[in-house]
Student: 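Sharing a structure here in structure tokens format.
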Amino acid sequence: MLDINQLRNELDLVVERLATRGYTFNAAEFAALEAERKTLQTSTQDLQAKRNSVSKQIGIAKSKGEDVAPILAEVENLKGELGAAETALATLQDKLNTLLMGAPNLPDASVPVGKDEAENVEVLRWGTPRSFDFAVKDHVDLGAPLGLDFETGTKLSGSRFSALRGPIARLHRALAQFMLNTHTNEHGYEEVYTPYLVNAASMTGTGQLPKFEEDLFKVSRPDAEPLYLIPTAEVPVTNFVRDEILKAEQLPLKFAAHTPCFRSEAGSYGRDVRGMIRQHQFDKVEMVQIVHPETSFAALEELTGHAERILQLLELPYRKMALCTGDMGFGSTKTYDLEVWLPAQNTYREISSCSNMGAFQARRMQARFKNEAGKNELVHTLNGSGLAVGRTLVAVLENYQNVDGSITVPTVLRSYLGGLEQLV
RNA sequence: GGAGAGGUGGCAGAGUGGUCGAAUGUACCUGACUCGAAAUCAGGCGUAGGUGCAAGCCUACCGUGGGUUCGAAUCCCACCCUCUCCGCCA
């Protein structure tokens with residue numbers, strides 16, 4: 001959520017910067033609602049003050065045994081008038097809130113301006129794509145004999161689901177464990193385990209609701225509020241600090257979690273239909289940082305580096321992209337995507353996305369800390385994949401394939417697989 | 001699934017229709033006393049919003065949302081959550 005004070009004071013600037021993301025903020029509506037709010041709020045509060053003082057008088061009069069009928073007659077109209085004012089004000093504030101909740105975050109000044117992914121800026125390339133002296137297979141063909149089973153996934157659940165068996169299942173588990181171990185042992189993250197179903201308040205806190213409900217799997221319950229399957233561990237982990245006031249010395253908080261992620265993929269019909277690039281369910285190791293506002297951009301560099309480290313240790317070639325204003329996610333001030341080399345697609349594909357959300361989520365969540373002046377101040381939140389496990393599995397299969405269809409196990413994973421050097 | 005209890009300030013805990021934004025204790029901050037500390041004493045100490053140059057004034061907030069009333073922490077309804085006992089269960 002944007003800072004309403006900034007909207008009041010620097011409306012033109014906000015509008016201009018949101019426009020670089022391709023978002024048209026309805027400034028005229030906002031200004032009109034704000035003006036109306038001001039007068040309506042003042043008049044409502046005047047009426048409330050009047051009611052309070054008259055009611056107080058009635059109480060005093062009654063306690064003295066005086067007749068209160070004249071005073072009651074005096075306030076006869078007040079009740080209806082006040083009720084109408086309060087209703088009107090609530091309606092107005094709902095509208096303002098809707099406007100605010102629907103607006104994306106302001107991009108940082110360092111973010112390249114552009115309208116879509118074509119204008120993202122490559123920051124660096126790491127590693128050299130291997131040259132093959134045989135015809136490369138894609139992960140679907142490579143995985144099939146090793147236990148990558150789309151037919152069963154489809155039978156059990158439908159399209160965009162897969163089942164893993166034997167060596168592939170084991171490699172998948174090894175990848176997740178390797179990532180989580182690296183972040184907790186070497187990068188200073190606290191391992192967390194979280195619910196995979198969360199309430200609407202949590203989804204609203206991180207920004208999935210109210211605007212992106214169609215992207216989520218919703219679980220309705222007859223006698224309780226609905227729950228939502230998490231689309232990323234960012235949701236439960238970031239919400240750890242919802243409605244909390246942290247001590248300054250607790251910051252930064254660094255959490256890492258391995259969870260499944262569930263996405264409806266509404267609107268992506270026909271995209272990546274083959275293979276496990278785009279699934280309704282996939283595993284991901286996620287990093288989340290809760291930091292002091294002054295350090296959030298440094299933290300973004302650090303966190304992105306942690307994700308890069310996984311790719312480097314796995315010796316997978318990748319490139320780092322600075323997303324342009326038009327391609328960034330809803331709540332982000334700045335995002336780096338890491339794209340891994342996929343030989344079969346002869347291209348780089350997203351495997352991690354690392355974002356500094358600034359105060360955007362913290363404001364929705366009311367996640368604060370006591371600052372140096374003793375004031376409650378919003379924290380900044382960051383998150384990044386470190387990494388998407390399913391896509392890493394794809395990358396390992398394709399990059400480490402041999403002419404006979406076997407897969408060489410990356411060195412760092414061997415200890416997780418009982419020393420195994422090849423998947424056959 | 002059945003039965004019951006309960007959600008009040010950082011924490012504990014009073015308050016069951018009227019000068020209650022809320023007693024009291026505790027924690028915390030400031031000052032006094034002290035060589036210093038402890039103890040003691042005095043004062044301060046919630047959040048959000050409106051308005052004002054400012055001092056200040058005003059409004060809202062006692063789990064959440066509705067309702068009754070001139071007036072609600074207090075009464076009514078719904079929901080959320082926590083705890084206890086029984087049953088079932090990985």
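Everything numeric here is computed off the predicted structure, so don't read it as measured data. In what follows, chains are A, B, ... by sequence order, proteins preceding strands, each numbered from 1.
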Student: Report the distance from atom NZ of K370(A) to atom C1' of rC28(B), rounded to the nearest whole Å.
Tutor: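 Result: 11 Å.
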Student: Heavy atoms from C-beta onward define the side chain here; which of rA60(B), rU47(B), rC70(B) lies closest to that of R51(A)?
Tutor: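 Shortest atom-to-atom distance from the side chain points to rA60(B).
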Student: Any side-chain donor paired with an acceptor under 3.5 Å for H380(A) and N356(A)?
Tutor: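 No, no side-chain donor-acceptor pair sits under 3.5 Å.
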Student: Counting only side-chain nitrogens and oxygens, does K50(A) get under 4.0 Å of the OP1 or OP2 atom of rC70(B)?
Tutor: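 False: K50(A) side-chain N/O out of range (4.0 Å or more) of rC70(B) OP1/OP2.
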Student: Run through RNA chain B and report every stem of 3 or more consecutive Watson-Crick or G-U pairs, distances under 3.5 Å, ordered by first number.
Tutor: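 RNA chain B forms these stems: B:1-7 with B:80-86, B:10-12 with B:24-26, B:28-32 with B:40-44, B:46-51 with B:56-61, B:63-67 with B:75-79.
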Student: Name the nucleic acid region contacted by D46(A), choosing base, sugar-phosphate or nothing; use a 4.0 angstrom heavy-atom cut-off, strictly under.
Tutor: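 Nothing: the residue D46(A), judged by heavy atoms under 4.0 Å, touches no strand.
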Student: For nucleotides rC83(B) and rA42(B), find the distance between their C1' atoms and express it as a whole number of Å.
Tutor: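 Taking atom C1' in both rC83(B) and rA42(B), they lie 41 Å apart.
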Student: Using the C1' atoms only, state how far rA14(B) lies from rG6(B), rounded to an integer number of Å.
Tutor: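 The answer is 16 Å between these two C1' atoms.
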Student: Of the options T232(A), T335(A), L338(A), L387(A), which is the one that meets S353(A) in a side chain to side chain contact (heavy atoms under 4.5 Å, CB included)?
Tutor: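 Of the listed options, the one satisfying the test is T335(A).
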Student: Using whole Å, report how far CD1 of I71(A) lies from C1' of rG71(B).
Tutor: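 Going from I71(A) (CD1) to rG71(B) (C1'), I get 12 Å.
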Student: E225(A) side chain: which of rA60(B), rA48(B), rC79(B) is closest?
Tutor: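 The answer is rC79(B), which lies nearest to the side chain.
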Student: Is it true that the side chains of Q289(A) and E302(A) contain a donor and an acceptor less than 3.5 Å apart?
Tutor: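 Per modelled atom types, Q289(A) and E302(A) side chains form a pair under 3.5 Å.
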Student: In whole angstrom, give me the gap between the P atoms of rA32(B) and rU84(B).
Tutor: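 Between the two P atoms, the distance is 49 Å.
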Student: Considering only side-chain heavy atoms of N52(A), which listed nucleotide, rG50(B), rC70(B), rA60(B), is closest?
Tutor: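 The answer is rA60(B).
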Student: Atom CD of E86(A) and atom P of rU69(B): how far apart are they, to the nearest Å?
Tutor: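 Value for this atom pair: 14 Å.
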Student: Side chain of T42(A): nearest nucleotide among rG50(B), rU19(B), rC79(B)?
Tutor: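 Output: rG50(B).
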Student: What interatomic distance, in whole Å, is found between C1' of rG65(B) and the corresponding atom of rA60(B)?
Tutor: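 Rounded to whole Å, the distance is 16 Å.
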Student: Given atom CZ of R368(A) and atom P of rG10(B), what is their separation to the nearest angstrom?
Tutor: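 After rounding, the gap between these two atoms is 10 Å.
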Student: As a test of reading the structure: which of rG71(B), rG50(B), rU19(B) is closest to the side chain of S55(A), going by heavy atoms?
Tutor: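 For the S55(A) side chain, the nearest candidate turns out to be rG71(B).
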Student: Using the P atom on both, measure rG13(B) against rG7(B) and round to a whole Å.
Tutor: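 The answer is 10 Å between these two P atoms.
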Student: Does NZ or CZ of K254(A) fall inside the cone over Y189(A)'s six-membered ring, less than 6.0 Å from its centre and within 45° of the axis?
Tutor: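 Output yes; distance and angle both within limits.
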Student: For nucleotides rA73(B) and rG63(B), find the distance between their C1' atoms and express it as a whole number of Å.
Tutor: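 Roughly 12 Å separates the two C1' atoms.
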Student: Side chains of N383(A) and T238(A) only: does a donor on one sit below 3.5 Å from an acceptor on the other?
Tutor: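 Judged by distance alone, the side chains do not pair up.
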Student: Between N26(A) and E29(A), is any side-chain donor less than 3.5 angstrom from a side-chain acceptor?
Tutor: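 On atom types as modelled, these side chains qualify, holding a pair under 3.5 Å.
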Student: Can you confirm whether the side chains of E213(A) and Q208(A) place a donor and an acceptor under 3.5 Å from each other?
Tutor: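 Result is no, nothing qualifies.
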Student: I245(A) CD1 to rG46(B) C1': how many Å, rounded?
Tutor: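 One finds 9 Å between C1' of rG46(B) and CD1 of I245(A), rounded.
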Student: Donor-acceptor pair under 3.5 Å: do we get one between Q45(A)'s side chain and the base of rG49(B)?
Tutor: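 Answer is yes: a donor-acceptor pair is held.
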Student: Go through rC79(B), rG71(B), rG21(B) for me and flag the one nearest to the K56(A) side chain.
Tutor: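 The listed nucleotide nearest to K56(A)'s side chain is rG21(B).
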Student: Expressed as a whole number of angstroms, how long is the span from L89(A):CG to rC61(B):P?
Tutor: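 My rounded result for the distance is 13 Å.
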Student: Starting at CG of L227(A) and ending at C1' of rC80(B), how long is that distance when rounded to a whole Å?
Tutor: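 My rounded result for the distance is 12 Å.
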Student: Side chain of I60(A) only, heavy atoms from C-beta on: which candidate in rC70(B), rU51(B), rU19(B) is closest?
Tutor: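 Of all the options, the side chain of I60(A) is nearest to rU19(B).
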Student: Measure the distance from CG on N199(A) to P on rU82(B) and round it to the nearest whole Å.
Tutor: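 Whole-Å distance recorded here is 11 Å.
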Student: Pick the nucleotide of RNA chain B nearest each of Q48(A) and L78(A); which residue has the one closer to the 5' end?
Tutor: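 This one resolves to Q48(A).
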Student: What is the distance from atom OG of S406(A) to atom CD of E421(A), rounded to the nearest 0.5 Å?
Tutor: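 Interatomic distance, S406(A) OG to E421(A) CD, rounded to 0.5 Å: 11.5 Å.
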Student: I'd like to check S202(A) versus R242(A) (side-chain heavy atoms, cut-off strictly below 4.5 Å). Are they in contact?
Tutor: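 Yes, close enough: below the 4.5 Å cut-off.
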Student: If we take the C1' atom in both rU59(B) and rG1(B), what is their distance in whole Å?
Tutor: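 Comparing C1' positions in rU59(B) and rG1(B) gives a spacing of 46 Å.
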Student: Using a 4.0 Å heavy-atom cut-off, does R363(A) contact any base of the nucleic acid, only the sugar-phosphate backbone, or nothing at all?
Tutor: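 Nothing, no heavy atom under 4.0 Å.
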Student: If we take the C1' atom in both rC33(B) and rC41(B), what is their distance in whole Å?
Tutor: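 Roughly 8 Å separates the two C1' atoms.
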Student: Between K62(A) and A49(A), name the one whose nearest nucleotide on RNA chain B is closer to the 5' end.
Tutor: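 The residue whose closest nucleotide sits nearer the 5' end is K62(A).
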